[in-house]
Colleague: 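Can you keep this structure in mind? I'll have questions shortly.
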Amino acid sequence: MSIDTNQWYVSDVGGFAPGMAPSFAPGLYFMPKRTSTLRFAHPLPFGAILHDGGVQFVVFSRSATAMRVLLYDRVTDADPVDIIEFDPDHHRWGDVWSIFVPGLGAGQLYHFQADGPHDPDHGYRFDPQARLIDPYAKALAGEFMPAEGGIIRPPRCVVIDDHFDWQGDRHLRRPLSESVIYECHVRGFTRSASSGVRNPGSYLGLIEKIPYLQSLGVTAVELMPVHEFSYLDCFGNMPDHPNYWGYDPIAFFSPHRGYAVGREPGAQVREFKEMVRALHQAGIEVILDVVFNHTAEGNEHGPTLSFKGLENRVYYMLENGGKHYRNYTGCGNTLNGNHPVVREMIFHCLRYWVYNYHVDGFRFDLASILSRDRDGNLVPNPPVVETISEDPLLADTKIIAEAWDAAGAYQVGTFANLRWAEWNGRYRDDIRRYWRGDPHMIGALATRLAGSSDLYQPGGRRPYHSINFITSHDGFTLNDLVSYNYKHNEANGEGNRDGDNNNCSYNYGVEGPTRRESIERIRLRQIKNMLATLLLSQGVPMLLMGDEVRRTQSGNNNAYCQDNAISWFDWSLVEKNKGLLTFVQALIEFRRAEPTVRQTNFLSGRPAKPGRLPDVSWFSPEGTAVHWHSDTRSLSCLMAAMPPQSPIDPPNHHVLMMFNSSEFGQRFLVPPSARHLPWRLLFNTAAKSPYDIYPGMNGPPPRADGVVDLDGRTMVCFVARDEL
């Protein structure tokens, strides 16, 4: 944009001087003489909205006394080339500031800037010099630039044209009960040179690995945060602890620019849509991990980047009269999600991602914060949670809560209503403890295997409301869970003080990698035990990226800042551990084919019809009644085949599982009531590949006398075709 000084005037508290050359000194704002073409046109929606002939900028601020739009020509511009002043008398409707600027189009770069009271002791943090990210920005461009004169220069907002050729794409609408979720980091999935992709660490790179996801058999990827966040600090420097995971958002409506290949402003919007479209074409849904609990602005010592400089008292939970920030997140601040203005922003954001990006669902990080009122109290039927539950545009999406927060709230089993599923932290802990060999865990094993009815049935919920997982991004990988007794987070630079100390892990004799075959044999068996338990449990299984091939983080259980080989998927493991990969692929294929292990109603212990086996039966190793309070570490579970849904459906299979978490071998008997069935081995975790699993369900039968000898720390599963 060229500047004609004859078309500019200087404004400094009402002073005007035609013809002066622009020099963007603090306190001096140069604006074009086009007030006759600037107009208030539309009070909503918020953000930068394209219209014929220009762009409408709309922003909320209740306490601002003045508002400006700063325009940039290039991402590298240190200072704006144009500043547009809102007229409070003509460009404000209530608390909505709206101005139409002609001659602008898609790709235009901008910030907001607001005057207002600066009274931090009472929660007002307006700064007339601060350049502010639009809370509704659809994309950001560039990075933080070095600050000058104390003025922070954040990434520029980008005006976006949302048009995209979706080629008829729509949401896949796969029932949650039929889902197998794969938690994945966009960058870490393909960043390693071992990935062999053309565009490593990007949305397009993930597209290149879709055939792998298809071969694995997962039905959905749950992407760690892709809302815009920054690798650099607010002064343009690489911090000591870079934000690799992305749990520090600065723009909720914007896809992260760092995962785009194209360098033009807004390229991430197109490439993210291309990724979603390609995943849908492969039959894979996209679930986003969203962070509506805090932002990168931090506490009272943090920078003013967006919300603080527009209406701090509305966007955040404050205390001590507004001087300090309530910190239920462990990240310095807490978003005020149940304030009507913030609730509306969250609501619009979810709709935007569903409609404009075709995403299939959301996992809400620290979702219990959404249950807190403006004073931080946990309340029933919180407005924002109810709004999400009841919104008609979100009706086809999957809504998953991480039902706890950093301030002690733990709502697993009680979060919200029937619309919400939950990460089941109780499942993770109980399965880990059972397979570690802890005593008195067979009751917990049975409860989790059967869908956690203790948590979900009292509220009228279903087994699929339980998102079962053993590992996630937050904690050990599955390989490390069986390789380390203690966390090893030294690389994080915090003296190994960060991360959880309660991991329910065990190293089986050596801390970390070992060449001792006896230990490696046990570790591999335990990995298979936990994966098999996960994939045969009622509920919805979630796998952590790389667990299927023993990805390791070298004992780091809090790799939030490790944008390196510690966190990246090492694709050489696919070949190195192809036997384990085959085992997992076959289990997922079996799960997806067999409704017996993914039922939509809780098991009752009663037969579906007279003359049939009970839907679930529990046995001691001897095939007799279970003594639930005994010290035994062994258990048998018989799940009767689900009746076919229609006469043309093929018969399903009965499933007989035998568990032994003791280090010693255990003799089992096929229960007498089921000994007549034509059992064939599905898998034996103690066997070597390829004889550890039979994808065709054609493994050897048990002995004629029903005896099955299990090695220590072993799980065995037989299946029998339903003959009725």
Side-chain angles (χ1 to χ4, degrees), residues 183 185 188 224 240-242 244-245 247 330 402 404 406 408 410 423-441 444-445 469-531 533-534 542-570 573 577 580 633 661-663 712-713:
E183 190 192 26
H185 189 285
M224 289 176 65
D240 294 335
H241 303 96
Y244 169 69
W245 278 354
Y247 289 96
E402 182 186 39
W404 54 83
Y410 193 80
W423 268 25
N424 189 343
R426 293 277 299 277
Y427 182 96
R428 173 199 60 205
D429 298 343
D430 286 345
I431 300 304
R432 287 184 178 192
R433 291 180 61 202
Y434 172 77
W435 280 115
R436 187 172 63 175
D438 290 13
H440 307 292
M441 291 301 297
L445 169 68
F469 68 104
I470 297 172
T471 55
S472 68
H473 69 275
D474 193 0
F476 280 142
T477 66
L478 192 53
N479 178 82
D480 293 356
L481 188 67
V482 300
S483 303
Y484 295 90
N485 284 350
Y486 311 101
K487 65 185 183 184
H488 293 271
N489 299 353
E490 291 82 5
N492 295 356
E494 300 180 45
N496 204 33
R497 294 183 298 273
D498 63 302
D500 196 348
N501 293 314
N502 183 25
N503 296 288
C504 303
S505 63
Y506 190 37
N507 66 18
Y508 301 97
V510 173
E511 187 76 350
T514 181
R515 293 184 179 180
R516 290 172 57 179
E517 291 186 8
S518 59
I519 294 177
E520 269 297 286
R521 188 164 54 248
I522 293 172
R523 288 178 177 178
L524 177 59
R525 189 182 306 174
Q526 288 288 63
I527 289 171
K528 290 193 288 186
N529 287 335
M530 285 187 271
L531 287 170
T533 303
L534 175 67
M542 185 187 79
L543 295 168
L544 172 63
M545 176 186 84
D547 274 355
E548 70 278 9
V549 291
R550 298 189 66 176
R551 183 176 72 87
T552 178
Q553 294 179 170
S554 300
N556 193 318
N557 76 347
N558 188 35
Y560 72 99
C561 58
Q562 299 299 327
D563 187 8
N564 50 49
I566 290 176
S567 295
W568 299 342
F569 193 124
D570 178 358
L573 296 174
N577 295 304
L580 177 61
R633 292 162 175 79
S661 66
S662 167
E663 61 183 304
R713 300 187 177 104

Colleague: What is the ring orientation for H473 with W245, classed by angle as parallel under 30°, tilted 30 to 60°, or perpendicular over 60°?
Modeller: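 It falls in the perpendicular class, over 60°.
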Colleague: Decide side chain to side chain contact (heavy atoms under 4.5 Å, CB included) for N564 and Y244; before the verdict, give the C-alpha distance in whole Å, the side-chain angles of both, and the deciding distance to 0.1 Å.
Modeller: CA-CA 9 Å; N564 50 49; Y244 169 69; over 6 Å; no
Colleague: Of all the heavy-atom pairs spanning T552 and D480, show the shortest one and how long it is.
Modeller: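 Heavy atoms of T552 and D480 come nearest at OG1-OD1, 2.6 Å.
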Colleague: So which heavy atom on S483 is nearest to which on R523, and how close?
Modeller: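 For S483 and R523, the tightest heavy-atom pair comes out as O-NH2, 3.5 Å.
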Colleague: Are H488 and E490 close enough that some pair of their side-chain heavy atoms sits under 4.5 Å apart?
Modeller: yes
Colleague: Nearest 0.5 angstrom please: S505 OG to L478 CG, how far?
Modeller: 11.5 Å
Colleague: Mind checking the CG-CZ spacing from L534 to R428? Nearest 0.5 Å is all I need.
Modeller: 13.0 Å
Colleague: Take atom OH of Y486 as the centre, draw a 6.0 Å sphere, and report whether it contains more than 12 heavy atoms from other residues, nucleotides or ligands.
Modeller: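 For Y486, atom OH is not crowded (no more than 12 foreign heavy atoms under 6.0 Å).
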Colleague: Which atom names give the shortest non-hydrogen contact between N485 and E511, and what distance separates them?
Modeller: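 Minimum heavy-atom contact is N-OE1, 2.8 Å.
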Colleague: Are K528 and L580 close enough that some pair of their side-chain heavy atoms sits under 4.5 Å apart?
Modeller: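 In contact.
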Colleague: Which value, rounded to the nearest 0.5 Å, describes the distance between W435 atom CH2 and Y506 atom OH?
Modeller: 15.5 Å
Colleague: Looking at N496 and K487, what are the two nearest heavy atoms and their distance?
Modeller: O-CE, 3.0 Å
Colleague: Got a second to check how far C504's SG is from D438's CG, nearest 0.5 Å?
Modeller: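 It is 7.0 Å, given to the nearest 0.5 Å.
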Colleague: Is there a side-chain contact between M545 and R551 (heavy atoms, below 4.5 Å)?
Modeller: yes
Colleague: Measuring from N556:CG to C561:SG, what's the distance to the nearest 0.5 Å?
Modeller: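 Nearest 0.5 Å value for the CG-SG distance: 7.0 Å.
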Colleague: Are side-chain heavy atoms of S472 and M542 found at a separation under 4.5 Å?
Modeller: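 Answer yes - side chains close enough.
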Colleague: Which residues pass the side-chain contact (heavy atoms from CB on, under 4.5 Å) test with D240, not counting sequence neighbours?
Modeller: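 By the side-chain contact (heavy atoms from CB on, under 4.5 Å) rule, D240 matches no residue at all.
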Colleague: Mind running side chain to side chain donor-acceptor pair (under 3.5 Å) on N492 and E494 for me, showing each step along the way?
Modeller: CA-CA 6 Å; N492 295 356; E494 300 180 45; 5.3 Å; no
Colleague: With heavy-atom distances below 4.5 Å as the criterion, would you say the side chains of T533 and Y427 are in contact?
Modeller: yes
Colleague: After noting the C-alpha distance and the side-chain angles of L544 and F469, does the key distance pass the side chain to side chain contact (heavy atoms under 4.5 Å, CB included) rule?
Modeller: CA-CA 8 Å; L544 172 63; F469 68 104; over 6 Å; no
Colleague: So do the side chains of N507 and I519 get within less than 4.5 Å of each other, counting heavy atoms only?
Modeller: no
Colleague: Could you walk me through whether N489 and N558 pass side chain to side chain donor-acceptor pair (under 3.5 Å), step by step?
Modeller: CA-CA 7 Å; N489 299 353; N558 188 35; 6.0 Å; no
Colleague: Can you tell me which residue among Q526, R432, R436 is in a side-chain contact (heavy atoms from CB on, under 4.5 Å) with L481?
Modeller: R432
Colleague: Going through the distances and angles, do Y484 and F476 end up as a side chain to side chain contact (heavy atoms under 4.5 Å, CB included)?
Modeller: CA-CA 9 Å; Y484 295 90; F476 280 142; 4.0 Å; yes
Colleague: Is a side-chain N or O of R713 found less than 3.5 angstrom from the main chain of I522, in a donor-acceptor match?
Modeller: no
Colleague: Answer whether the closest heavy-atom distance between the side chains of D430 and L445 falls below 4.5 Å.
Modeller: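 No, too far: nothing below the 4.5 Å cut-off.
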Colleague: Does R550 pair with E520 as a salt bridge, N-O distance under 4.0 Å?
Modeller: yes
Colleague: So do F569 and V549 actually touch side chain to side chain, heavy atoms under 4.5 Å?
Modeller: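 Yes, at least one pair of side-chain atoms sits under 4.5 Å.
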Colleague: Is there a side chain to side chain contact (heavy atoms under 4.5 Å, CB included) between M224 and E183? Walk through the geometry before answering.
Modeller: CA-CA 7 Å; M224 289 176 65; E183 190 192 26; 4.0 Å; yes
Colleague: Of all the heavy-atom pairs spanning G475 and Q553, show the shortest one and how long it is.
Modeller: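 G475 and Q553 have their closest heavy atoms at O-NE2, 3.9 Å.
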Colleague: From the options T477, N557, D547, select the one residue that forms a side chain to side chain donor-acceptor pair (under 3.5 Å) with T471.
Modeller: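 For T471, the side chain to side chain donor-acceptor pair (under 3.5 Å) check succeeds only for D547.
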Colleague: How close do G330 and A406 get, heavy atom to heavy atom, and via which atoms?
Modeller: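 That closest heavy-atom pairing would be N-CB, 3.8 Å.
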